[in-house]
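First comes the structure, then the notes that go with it.
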Amino acid sequence: MLSPKATVCLALVCLPAAWVAGASSCQGPALIPGIPGRPGPPGANGQDGVNGLKGERGPPGMSDDVRDAGEKGDPGEDGHPGKVGPKGPGGSKGPPGPPGPRGPKGESGDYKTTLKSAFSAVRGVTMIPRRGQPVRFDRVLVNVNRHYENRYGRFTCEMPGLYYFTYHVTSRGNLCVHIKKGQGSRGEKVVGFCDYVHNTFQVTTGGVVLRLAAGESVWLEPTEKNSLIGGTEGADSIFSGFLIFPDA
């Protein structure tokens with residue numbers, strides 16, 4: 001009895017002869033099927049095919065796939081302040097606010113602050129004034145409340161208090177003048193000023209603070225040494241006075 005291997009070899013040898021015999025007579029003995037061979041090795045991967053058509057939309061997922069939301073967490077820490085932004089445009093003016101409450105009553109005013117008296121006058125007369133008579137300063141510069149009389153060269157007090165009087169006069173030679181105070185044309189010397197020169201222009205000046213009662217007058221009066229001049233360009237003579245403090 002032949003082994004399976006010998007049987008396969010005999011079949012492979014006899015098969016071509018049978019084909020030849022069959023070819024000549026068109027009919028031969030029935031052939032015995034052989035044993036199937038072993039599978040060959042896998043072939044190489046083929047090329048990718050063309051993309052298929054888009055499939056239909058699938059059914060919605062089950063609610064079991066959704067997880068339950070957890071509890072809300074604690075707020076986080078505040079972040080660092082951001083940079084200051086650019087200044088925006090100014091807004092429109094708002095309506096006026098309501099009136100404020102009435103303020104408290106103020107203190108009583110001092111009527112004395114309304115009391116004013118002052119004058120300043122220049123001598124425009126060219127002749128030398130007479131001894132024993134007031135010097136006329138006829139050209140008035142200031143005369144608040146008209147307490148100075150330029151016709152007579154006198155200041156008459158109507159507001160009792162402290163006053164300051166001063167003069168600046170030009171002379172050409174020896175000069176002595178007195179500031180006098182009194183009622184009407186009668187008065188007494190308060191202060192006197194003298195300057196002595198010879199044929200030379202000079203300016204004599206003086207001043208005094210006086211307390212005056214209502215009706216008292218003040219004026220400037222020369223003595224026998226009298227070379228006072230006036231009405232000369234660049235050599236003016238002036239008499240002035242004003243109220244400092246009124247009496248209480």
Side-chain angles (χ1 to χ4, degrees), residues 103-173 175-195 201-248:
K105 184 177 180 180
E107 298 179 358
S108 300
D110 186 359
Y111 78 96
K112 296 178 183 178
T113 59
T114 63
L115 301 180
K116 298 178 182 179
S117 180
F119 77 95
S120 189
V122 176
R123 179 171 174 80
V125 182
T126 57
M127 64 175 55
I128 296 176
R130 294 181 181 181
R131 175 187 175 185
Q133 293 186 0
V135 179
R136 287 184 57 205
F137 295 88
D138 53 302
R139 184 159 59 89
V140 175
L141 301 179
V142 175
N143 193 8
V144 179
N145 289 325
R146 301 182 179 276
H147 297 162
Y148 174 74
E149 302 172 280
N150 63 329
R151 182 178 179 181
Y152 304 106
R154 297 173 182 269
F155 171 83
T156 302
C157 173
E158 294 188 14
M159 300 175 184
L162 291 177
Y163 288 79
Y164 177 70
F165 296 94
T166 183
Y167 73 90
H168 301 267
V169 296
T170 302
S171 65
R172 191 168 186 176
L175 177 66
C176 288
V177 293
H178 296 161
I179 294 179
K180 285 192 170 184
K181 178 181 77 167
Q183 295 278 354
S185 60
R186 299 178 59 183
E188 60 182 7
K189 169 188 169 183
V190 180
V191 289
F193 303 90
C194 291
D195 276 311
F201 284 101
Q202 69 171 351
V203 176
T204 300
T205 182
V208 64
V209 174
L210 298 177
R211 181 180 295 277
L212 299 180
E216 286 188 311
S217 298
V218 176
W219 65 91
L220 193 68
E221 187 175 298
T223 65
E224 71 281 357
K225 297 180 178 60
N226 179 15
S227 59
L228 190 151
I229 62 176
T232 303
E233 184 178 357
D236 290 324
S237 296
I238 189 169
F239 183 38
S240 303
F242 56 87
L243 174 65
I244 303 175
F245 304 110
D247 284 343

Quick one, Glu149 with Thr156, criterion side chain to side chain contact (heavy atoms under 4.5 Å, CB included). Give me CA distance, side-chain angles, the key distance, then yes/no. CA-CA 8 Å; Glu149 302 172 280; Thr156 302; 3.4 Å; yes
Say you draw a straight line from CG of Leu162 to CG of Leu210; how long is it, rounded to the nearest 0.5 Å? 9.0 Å
Could you grab the distance from atom OG1 of Thr223 to atom NZ of Lys189, nearest 0.5 Å is fine? 9.0 Å
Nearest-0.5 Å distance that lies between atom CG in Asp195 and atom OG in Ser171: 7.0 Å
Evaluate the ring planes of Tyr148 and Phe239, with Trp represented by its six-membered ring, and classify them as parallel (under 30°), tilted (30 to 60°) or perpendicular (over 60°). perpendicular
Given side chains that start at C-beta, do those of Val169 and Val203 come closer than 4.5 Å, heavy atoms only? no
Step-by-step side chain to side chain contact (heavy atoms under 4.5 Å, CB included) determination, Cys194 to Leu175: CA-CA 6 Å; Cys194 291; Leu175 177 66; over 6 Å; no
So for atom OH, which belongs to Tyr164, do other residues, nucleotides or ligands contribute more than 12 heavy atoms lying within a distance under 6.0 Å? yes
Donor-acceptor under 3.5 Å (Glu158 side chain, Ala214 main chain): no
Would you find a donor on one side and an acceptor on the other, under 3.5 Å apart, between the side chain of Ser237 and the backbone of Arg123? no
Could you please spell out the steps behind the side chain to side chain contact (heavy atoms under 4.5 Å, CB included) verdict for Ile179 and Leu220? CA-CA 5 Å; Ile179 294 179; Leu220 193 68; 3.8 Å; yes
Just wondering, are more than 12 heavy atoms of other shown residues or ligands nearer than 6.0 Å to CZ in Phe193? yes
Would you check if the side chain of Arg136 reaches a backbone N or O of Arg151 as a donor-acceptor pair within less than 3.5 Å? yes
Less than 4.5 Å apart, side chain to side chain, heavy atoms only: is that true for Met159 and Lys116? no
At what distance, to the nearest 0.5 angstrom, does CG of Asn150 lie from CG of Asp138? 7.0 Å
Determine whether Phe242 and Ser117 satisfy the following criterion, side chain to side chain contact (heavy atoms under 4.5 Å, CB included), listing intermediate values before the conclusion. CA-CA 6 Å; Phe242 56 87; Ser117 180; over 6 Å; no
Between OG on residue Ser120 and CG on residue Asn143, distance to nearest 0.5 Å: 10.0 Å
Measure centre to centre between the rings of Phe155 and Phe165, then say whether the value is under 6.0 Å. yes
CG of Leu141 to OG of Ser240: how many Å apart, nearest 0.5 Å? 7.5 Å
Do the two ring centres, one from Phe137 and one from Tyr167, sit under 6.0 Å apart? no
Mark yes or no for whether Arg154, through its side chain, and Pro134, through its backbone, hold a donor-acceptor pair below 3.5 Å. no
Could you give all pairs that pass the salt bridge (Lys or Arg N to Asp or Glu O under 4.0 Å) test and reach residues 207-225, with sequence neighbours left out? Arg131-Glu224, Lys180-Glu221, Arg211-Asp247
Applied to residues 206-228, the ring-ring contact (aromatic ring centres under 6.0 Å, His included) test, sequence neighbours excluded, yields none
Check whether any side-chain heavy atom of Val177 lies under 4.5 Å from a side-chain heavy atom of Val135, and answer yes or no. no
